[in-house]
Amino acid sequence: MILRGRALSAAAIALACAVPPSLATAATAPAATTRLVYATGKIVPIPASVPHEVGDMVDKRIVPDLRWIAQRYPIYVTDGYSGPLPSGEHVGCNGCHVKNSDHYNGLAVDIIPLDGDGRCDASWAAITRLAKWAEPRQNFPIPPFRWVGYNGDAGHGCGNHLHLSWNHAPAPQFQLAEWVEVFPVAPAEGGAEEGGAERPRHPRAPRPKQPSGPSGGISQAPTGGIGARGD
Ligand SMILES: [Zn+2]
């Protein structure tokens, strides 16, 4: 029993040390924990509190995070979910995302400055800060983000757009993922409304082991390489 107790303590210390320093120290960062939301997802309109192009939608489970971001960064979402609704209506841009894009699961957004004019100018400074917050080092996004497309990524960056994808269970395109990884948002910061039904309970929930197959139609791929992106 003593040995087991020591082993548990060691595990607890290891977990505590696993918090990325950039999250632990950055004043503007969310809580240094994330959680997996297993609540049933749904493609919903992006709320007015998150400036966006008319008609844009996302999986409701990332709405609290989006609202939190919009409260801190002057963002304008140009695309979220891209695909058909149960009604048959098409949402989002058509054919503008890569194969297996997280946009096809409603778990990615494309962002430009709220008051920009399309050029890479001072209006992008805050978007650049947001990109660096989500991905301090190229190709190493901080959870819950799965892929961040910005400077250094073809078709992305200042003057183009910032892409943010959330980690999620593998899911065929146009289907909702079983779980989504998010950063907890306090009720006062927009987490109490749609998509915010669950309160954070666990520090850094362990990520379920993902099935190794099947190939094709799976949107979650290893990050970092060509074709592994979620834009
Ligand atoms: Zn994108």
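Worth knowing before you read on, the calculation uses all heavy atoms, side chains too, and leaves out hydrogens, waters and symmetry mates. Order of listing sets the numbers, starting from 1, for every ligand and every atom in it.
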Exercise for review: Looking only at non-hydrogen atoms, find the nearest pair between C158 and D121 and report the distance.
Suggested key: SG-N, 4.4 Å

Check your understanding: Is the distance from the Zn ion (ligand 1) to the nearest N/O/S atom of H97 under 2.8 Å?
Key -> no

Study note, to complete from the structure: the Zn ion (ligand 1) -> H103, closest N, O or S atom is NE2

Point to revise | Main-chain N/O of G41 paired to D59 side chain as donor or acceptor, under 3.5 Å | key: no

Check your understanding: What angle sits at the Zn ion (ligand 1) between OD1 of D110 and ND1 of H163, to 10°?
Key -> 110°

Check your understanding: N/O/S atom of D79 under 2.8 Å from the Zn ion (ligand 1), yes or no?
Key -> no

Practice item. Would you check if I127 and P113 make a side-chain contact, meaning some heavy-atom pair closer than 4.5 Å? Key: yes

Exercise for review: Please state whether the rings of H103 and H97 are parallel, tilted or perpendicular, taking 30° and 60° as the class boundaries.
Suggested key: parallel

Exercise for review: Indicate yes or no for a side-chain donor-acceptor contact from S49 to the backbone of R67 under 3.5 Å, with no hydrogens or angles considered.
Suggested key: no

Review point. Would one find an N, O or S atom of H156, in either backbone or side chain, under 2.8 Å from the Zn ion (ligand 1)?
Key: no

